[in-house]
Amino acid sequence: METTPLQFANNTPLSLSPNFILPEENRPILSEVFSSASIPTIDLNNHDIDDLVSKISQACEKYGFFQIINHGVPKELCQRVLAVLTEFFQLPPEERAQFLTTDHSKLVKVFNYYQKVEGQGEVLMWGETFTHPWHPTEDFTHFLPKNPPQYREVFTEYAREIGALMDRLLSLMSQGLGLQKDCLKRKIGERPAIYTQANYYPPCPDPELTMGLPAHNDISALVVLLQMEGVCGLQVVIDGKWVPVEPVPDAFVVNVADQMQVLSNGRYRSVLHRAVTNKRLARLSLPMFYAPNNDTVIGPIEDLIDEVHPPMYRNYSYKEYMDEFYRQEGARRRVKEAFELQH
Ligand code: OGA
Ligand code: NI
């Protein structure tokens with residue numbers, strides 16, 4: 001897929017100006033990234049349900065990340081959604097600039113990540129992000145851009161598929177915890193906040209000096225990410241080391257996010273990850289997030305608490321969690337930690 005580097009919507013020139021250059025201690029140190037370990041790839045077309053549940057729960061416990069193949073989402077649809085997003089990021093910058101905002105309450109927006117660095121202020125990340133809500137069954141087209149013209153149709157079809165896939169994953173993950181199939185979905189609650197965040201990383205003259213997305217944990221409950229084939233960028237921490245998540249053909253990357261870690265009372269792990277840039281090629285990633293709504297109360301599921309496993313987190317509303325998240329803006333956020341209980 002051709003992805004010519006264009007201008008960011010915010011008109012920052014695509015050259016490695018000091019705006020983008022991280023201080024040494026914040027740089028990715030790519031020479032220390034090894035593919036010695038990797039997250040598992042799980043075949044969802046497995047009729048031995050106990051085996052499938054156990055593979056998924058082990059992956060959630062050990063890595064917090066896994067890839068899935070034979071997931072049932074048509075390849076051609078995944079290609080179409082990546083193509084329409086590529087087109088979106090290739091629109092003239094002024095066309096995307098209509099969505100530029102730093103206002104958190106806006107549901108549809110284009111923005112650039114940054115890190116706050118002492119003495120240097122905000123250092124921009126080498127990427128642009130477009131976020132908007134989606135829904136597997138309700139009409140959400142009014143949130144979607146009119147341009148490219150096929151965006152609405154393609155994304156609606158994709159949302160339906162990812163919604164069904166997420167239901168299946170939540171059911172398998174619930175069973176992995178020894179819970180009723182619908183337990184996690186019920187706990188994440190009514191009217192979930194579901195949104196996507198397409199990330200576009202243009203080729204970067206020196207990936208050692210900057211980052212596409214700083215190290216973070218996802219704050220939602222569950223994430224299903226589609227990434228372009230043939231371009232690496234996503235990295236996760238395994239045993240304290242950064243490890244690349246190499247694109248597997250026709251796979252999705254699935255990860256446990258913070259709310260799932262809390263609900264599972266720490267059994268499933270929401271793991272630190274980041275995106276680095278690529279010298280030669282542009283990269284596109286499309287995570288689909290599934291989160292509780294603001295009023296939902298989240299806390300460890302009662303069935304997972306006993307004398308040996310006391311609650312690791314206090315109960316809170318998702319609004320409280322989000323407020324803490326925004327309070328830590330620009331820093332290496334440690335949001336989960338703010339809700340931990342000491343024993
Ligand atoms: C994210 C994320 C990784 C990537 O958007 O939360 O982790 O590969 N993206 O772009
Ligand atoms: Ni993430």
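Atoms within a ligand are numbered from 1 in the order they appear, just like the ligands themselves.
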side-chain hydrogen bond (donor to acceptor under 3.5 Å, both in side chains) between K336 and Q261, worked out: CA-CA 9 Å; K336 270 183 300 189; Q261 173 164 338; 3.1 Å; yes
Ring pair (Phe, Tyr, Trp, His ring centres under 6.0 Å) between F20 and W126, worked out: CA-CA 7 Å; F20 288 105; W126 192 265; 4.8 Å; yes
Verdict with supporting geometry, H104 and Y326, ring pair (Phe, Tyr, Trp, His ring centres under 6.0 Å): CA-CA 8 Å; H104 298 316; Y326 290 127; 3.8 Å; yes
V73 vs F252, side-chain contact (heavy atoms from CB on, under 4.5 Å): CA-CA, chis, key distance, verdict: CA-CA 10 Å; V73 182; F252 290 110; 3.7 Å; yes
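I238 CD1 to K62 NZ: the interatomic distance, rounded to the nearest 0.5 Å, is 7.5 Å. Residue E24 holds its CD atom at 11.0 Å from CD of E208, rounded to the nearest 0.5 Å. Taking CG from L44 and CD from Q67, the interatomic distance works out to 12.0 Å, rounded to the nearest 0.5 Å.
Ring centroids of F155 and H132 are separated by less than 6.0 Å, placing the two rings close together.
The atoms of ligand 1 that sit less than 4.0 Å from any heavy atom of Y201 are 4 (C), 10 (O). Residue-ligand proximity, H273 to ligand 1, at heavy-atom distances under 4.0 Å covers atoms 7 (O). Taking every non-hydrogen atom of D218 and a distance limit under 4.0 Å, the qualifying atoms of ligand 1 come out as 6 (O).
In terms of protein heavy-atom proximity, atom 8 (O) of ligand 1 is nearest to R283 NH2, 2.8 Å. Nearest protein neighbour of atom 5 (O) of ligand 1, counting heavy atoms only, is N199 ND2, 3.0 Å. Closest to atom 4 (C) of ligand 1 among all protein heavy atoms lies S285 OG, 3.3 Å. Ranking protein heavy atoms by distance to atom 2 (C) of ligand 1, first place goes to L213 CD2, 3.3 Å. The shortest contact between atom 3 (C) of ligand 1 and any protein heavy atom is with L234 CD1, 3.7 Å.
F65 and V53 are members of different hydrophobic clusters when ILVMFWY side chains are connected at heavy-atom separations under 4.5 Å.
Each protein N, O or S atom less than 2.8 Å from the Ni ion (ligand 2) was counted, giving 3.
Remark: R96 fails to qualify as a cation-pi partner of F89 under the 6.0 Å distance and 45° angle criteria applied to the six-membered ring.
Only the side chain of F289 comes within contact range of ligand 1, with a heavy atom under 4.0 Å; no backbone atom does. Only the side chain of H216 comes within 4.0 Å of ligand 1, judged by heavy-atom distances.
At under 3.5 Å, not a single nitrogen or oxygen of Q227, backbone or side chain, sits near a nitrogen or oxygen of ligand 1.
G233 does not count as a contact of ligand 1, since none of its heavy atoms falls under 4.0 Å from the ligand. The shortest heavy-atom distance from R274 to ligand 1 is not under 4.0 Å.
Of the candidates V254, N255, V256, L222 forms a side chain to side chain contact (heavy atoms under 4.5 Å, CB included) with just one, namely V254.
The backbone N or O of N46 lies less than 3.5 Å from no partner atom in the side chain of D43, so there is not a single donor-acceptor pair.
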